[in-house]
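Contents: one structure, followed by commentary.
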Number of protein chains: 2
Amino acid sequence: MKKEKNNIEFCGQTIIHDDVVRDVNERMLFDETVMALAEFFKVFGDPTRLKILYALSISEMCVCDLAALLSMSQSAISHQLKVLRQTRLIKYRKDGKVVYYSLDDDHIRHVFEQGLAHVNE
Amino acid sequence: MKKEKNNIEFCGQTIIHDDVVRDVNERMLFDETVMALAEFFKVFGDPTRLKILYALSISEMCVCDLAALLSMSQSAISHQLKVLRQTRLIKYRKDGKVVYYSLDDDHIRHVFEQGLAHVNE
DNA sequence: ATATCATATGAATACTTGTTCATATATTAT
DNA sequence: ATAATATATGAACAAGTATTCATATGATAT
């Protein structure tokens, strides 16, 4: 049996189902959690970074090679590697002048596959 | 035993390890796949959309209620719902003037949890 | 028909972001 | 030291995007 509607004003917003809103509000995620989550997914939301991650899931590579592979400037690649480093998705080791990048964690592969599964329906 | 370096120029880019680049290049994803994947993750890369998705993972809700829940304008919510609709992450049913939104698929919940698992380390 | 309410949407704006360009740093070779 | 090479980075610019504002649409009630 449907309960009757009881429209309420709250913070200038009309609430039609205050019971549902109250319930969901109590279970809502912390703002910082949502922010962190958004940042995490945002990193995967760029073709260049996805290609880099995919490439590194196959083999560690240096900046030069990644630039050649993706036909992009060394600078562009380097900037994106910085983003991936800062979000701890990749790690690196230095060997002389050359810096080798690799995935930080197999966990990343899983997220990637998860996305691929969706895209391929 | 490390193979000696054989720097090559390709499309204006220096290649240090041409064997690795060639190998990875052969296995590289199609551009359209990468694009679709980026679009998919991009949708999850916004706090407002994440909150909406999370809310809908608990209960179906109408636009009014979502606006009240997130303390945002009806218009802002409606615009984001459009994005979520177009990417087929949510579906809706109409009951008179009221439009009820819900997750399109339990699969979305899984991606969400996957992200949460990462954020919570 | 008219008013009201829930939702949708186009345009404008403010903000974010990916790439380029120029340059800096660091390591190796001469 | 000097030159060459691999990588990093700050600033500028272009392209993309989330929200607001004003308004449109569509349904219900009077």
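Bear in mind the structure is a predicted one, so any value in this text is a computation, not a measurement. Order of the sequence lines fixes the chain letters, A, B, ..., with proteins taken first and strands second; residue numbering starts at 1 for each chain.
What you find for A:Val20 and B:Met61 is that their closest heavy atoms are CG1-CG, 4.0 Å. In plain terms, the two heavy atoms of A:Arg85 and A:Ser78 that are nearest each other are NH2-O, 4.4 Å. Nearest approach of B:Ala67 to B:Ile77, heavy atoms of both residues: CA-CG1, 3.7 Å.
Annotation: A:Tyr92, atom OH; neighbour count of heavy atoms from other residues, nucleotides and ligands within 6.0 Å does not exceed 12. By the 6.0 Å contact criterion, CZ on A:Arg88 is open, its count of non-hydrogen atoms from other residues, nucleotides or ligands being 12 or less.
Going from atom CZ of B:Arg93 over to atom P of D:dA27 covers 16 Å, rounded to whole Å. The distance between atom CG of B:Asp95 and atom P of D:dA27, rounded to the nearest whole Å, is 12 Å. In this structure, the CG atom of B:Leu81 is 9 Å from the P atom of C:dT7, given to the nearest Å. As rounded to whole Å, 12 Å separates atom C1' of C:dT17 from atom CD of A:Glu39. A:Leu66 has its CG atom 14 Å from the P atom of D:dA6, to the nearest Å. Regarding B:Tyr92, its OH atom lies at a distance of 12 Å from the P atom of D:dA27, rounded to whole Å. If you take CE of A:Met35 and P of D:dA18, they are 13 Å apart, rounded to a whole angstrom. If you take CG of A:Asp46 and P of C:dT16, they are 18 Å apart, rounded to a whole angstrom.
Note on A:Ser73: every side-chain N or O is 4.0 Å or more away from OP1 and OP2 of C:dT19. Contact annotation: B:Lys82 does not reach the phosphate of C:dT7 (side-chain N/O to OP1 or OP2, under 4.0 Å). Residue A:Thr48 has a polar side-chain atom (N or O) positioned under 4.0 Å from OP1 or OP2 of C:dT19.
Distances were taken from every side-chain heavy atom of B:Arg85 (C-beta onward) to each of D:dT7, C:dT9, C:dA6; the shortest belongs to C:dT9. Of the candidates C:dT20, D:dG26, D:dA6, the closest approach to any side-chain atom of B:Lys97 belongs to D:dG26. For A:Ile16, the side-chain atoms get nearest to C:dA6 when compared with the rest of D:dA6, D:dT20, C:dA6.
A heavy atom lying under 4.0 Å from DNA chain D marks the following residues of residues 49-62 of chain B, by number: B:Arg49.
Judged by distance alone with a 3.5 Å cut-off, a donor-acceptor contact links the side chain of A:Gln74 to the base of D:dA8. One donor-acceptor pair, N or O on each side, does fall under 3.5 Å between the base of D:dC21 and the side chain of B:Ser75.
Among the heavy atoms of the strands lying under 4.0 Å from A:Tyr101 are primed sugar atoms or P, OP1, OP2 only; no base atom is included. Among the heavy atoms of the strands, none lies under 4.0 Å from B:Lys94.
In this pair, A:His118 and B:His107 present their aromatic rings parallel. The plane angle is below 30°, not in the 30 to 60° band.
Counting only heavy atoms from C-beta outward, the side chains of B:Lys91 and B:Ser102 approach each other to under 4.5 Å.
With centres under 5.5 Å and a plane angle under 30°, the ring of B:His79 is stacked against the base of C:dT9.
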Could you list the donor-acceptor pairs under 3.5 angstrom formed by side chains in residues 32-53 of chain B, with sequence neighbours left out?
{"unit_1": "B:Glu39", "atom_1": "OE2", "unit_2": "B:Lys42", "atom_2": "NZ", "d": "3.4"}
{"unit_1": "B:Asp46", "atom_1": "OD2", "unit_2": "B:Thr48", "atom_2": "N", "d": "3.1"}
{"unit_1": "B:Asp46", "atom_1": "OD2", "unit_2": "B:Arg49", "atom_2": "N", "d": "3.1"}
{"unit_1": "B:Arg49", "atom_1": "NE", "unit_2": "B:Val43", "atom_2": "O", "d": "2.8"}
{"unit_1": "B:Arg49", "atom_1": "NH1", "unit_2": "B:Gln80", "atom_2": "OE1", "d": "2.9"}
{"unit_1": "B:Arg49", "atom_1": "NH2", "unit_2": "B:Lys42", "atom_2": "O", "d": "3.3"}
{"unit_1": "B:Lys51", "atom_1": "NZ", "unit_2": "A:Asp31", "atom_2": "OD1", "d": "3.3"}

